[in-house]
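Being a predicted model, the structure only gives us computed values, none of them experimental.
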Amino acid sequence: MIRKMDHVIMVVHNLEEAVKKYEIMLHLTPEGGSIIETPELRLAMLPTKVGARVELIQPKAHSKKRHAIFLKERGEGVMGISAFVDDFEAEVKALKASGVKIEEETQPSVHPGHTLRLAWIPPEEAYGVWIELVDAESLPARLK
């Protein structure tokens, strides 16, 4: 079951420029005041006062992952939405059993000390956007 809808995922060509614009337009600043670097991308999580967040992602030039492909094929903008789910295994199993295409992965570098478990439902299944399901139990306590 979905614990909460957490954030919208946006891909951009220039992360610093996007962060500056979101600060001016919506008064949002990166969590912890910093940009996160992973092997495939750079990202900034911009929290709101009520908990919803905007995730800005700039794929690295060498990346062949979904974010880079989306940016190349569709340009900047909303790539997907992210939901935190309870009983991740059961959710993934039920979706697969119902015929929904799912791509599973782990993400060890966004939250040091916490390897996130993710399941992605691709745009062809979800009306043009990726749906990211995050195992709520794999999150740092501050995000649960």
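- Between Glu16 and Lys21 there is no salt bridge, since no side-chain N of the basic residue sits under 4.0 Å from a carboxylate O of the acidic one.
- Summarising the local packing, CE of Met25 is surrounded by more than 12 heavy atoms from other residues, nucleotides or ligands at distances under 6.0 Å.
- Between the CZ atom in Phe70 and the CD1 atom in Ile9 there is a gap of 10.0 Å [rounded to 0.5 Å].
- Between Ala136 and Asp86 the shortest heavy-atom distance is CB-OD1, 4.1 Å.
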Query raised in the report: salt bridge (Lys or Arg N to Asp or Glu O under 4.0 Å) between Arg3 and Glu137: does it pass, once the steps are laid out?
Result: CA-CA 11 Å; Arg3 181 176 291 188; Glu137 294 307 311; 3.3 Å; yes
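- The OG atom of Ser63 sits 11.0 Å away from the CD atom of Gln58 when rounded to the nearest 0.5 Å.
- Closest of all the heavy-atom pairs between Pro123 and Trp130 is CD-CE2, 3.3 Å.
- Put simply, the side chain of Leu71 does not reach to within 4.5 Å of the side chain of His67, judged on heavy atoms.
- Side-chain atoms of Leu56 and Val19, non-hydrogen and from C-beta on, do get closer than 4.5 Å to each other.
- Taken together through direct or relayed side-chain contacts under 4.5 Å among Ile, Leu, Val, Met, Phe, Trp and Tyr, Val129 and Val134 form parts of separate hydrophobic clusters.
- Residues Val12 and Ile57 have side chains not in contact (no heavy-atom distance under 4.5 Å, counting atoms from C-beta outward).
- Contact check for Leu15 versus Ile35: side-chain heavy atoms found under the 4.5 Å cut-off.
- Annotation: side chain of Lys60 is in contact with side chain of Arg42 (closest heavy-atom distance under 4.5 Å).
- A heavy-atom distance below 4.5 Å is not found between the side chains of Leu43 and Glu37.
- The local environment of NZ in Lys72 is sparse, with at most 12 non-hydrogen atoms from other residues, nucleotides or ligands closer than 6.0 Å.
- Residue pairs meeting the salt bridge (Lys or Arg N to Asp or Glu O under 4.0 Å) criterion with at least one member in residues 75-84: none, sequence neighbours excluded.
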Report task. List the steps and the verdict of salt bridge (Lys or Arg N to Asp or Glu O under 4.0 Å) for Glu124 and Lys101. Result -> CA-CA 9 Å; Glu124 58 270 16; Lys101 181 180 172 185; 3.4 Å; yes
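- In this structure the side chain of Tyr22 never reaches within 4.5 angstrom of the side chain of Glu17, judged on heavy atoms.
- Salt bridge annotation for Arg117-Glu105: absent, with no cationic side-chain nitrogen under 4.0 angstrom from a carboxylate oxygen.
- Between the side chain of His62 and the backbone N or O of Pro39 there is at least one donor-acceptor pair closer than 3.5 Å.
- No side-chain heavy atom of Thr115 sits under 4.5 Å from any side-chain heavy atom of Ser138.
- A salt bridge links Arg53 with Glu31; the closest basic N to acidic carboxylate O contact falls under 4.0 Å.
- What you find for Met79 and Val11 is that their closest heavy atoms are SD-CG1, 3.7 Å.
- Pairing each heavy atom of Gly128 with each of Arg74, the nearest pair is O-NH1, 2.6 Å.
- Summarising the hydrophobic clusters (Ile, Leu, Val, Met, Phe, Trp, Tyr; side-chain heavy atoms under 4.5 Å, direct or chained), the residues clustered with Leu95 are Ile2, Met5, Ile81, Val85, Phe88, Val92, Val100, Ile102, Ile121, Ile131, Leu133.
- Listed here is the closest heavy atom pair of Leu46 and Pro30: CD2-N, 3.4 Å.
- Salt bridge status for Glu132 with Arg66: absent, with no side-chain N to carboxylate O gap under 4.0 Å.
- Considering every non-hydrogen atom in both Leu118 and Gln107, the closest pair reads CD1-CB, 4.0 Å.
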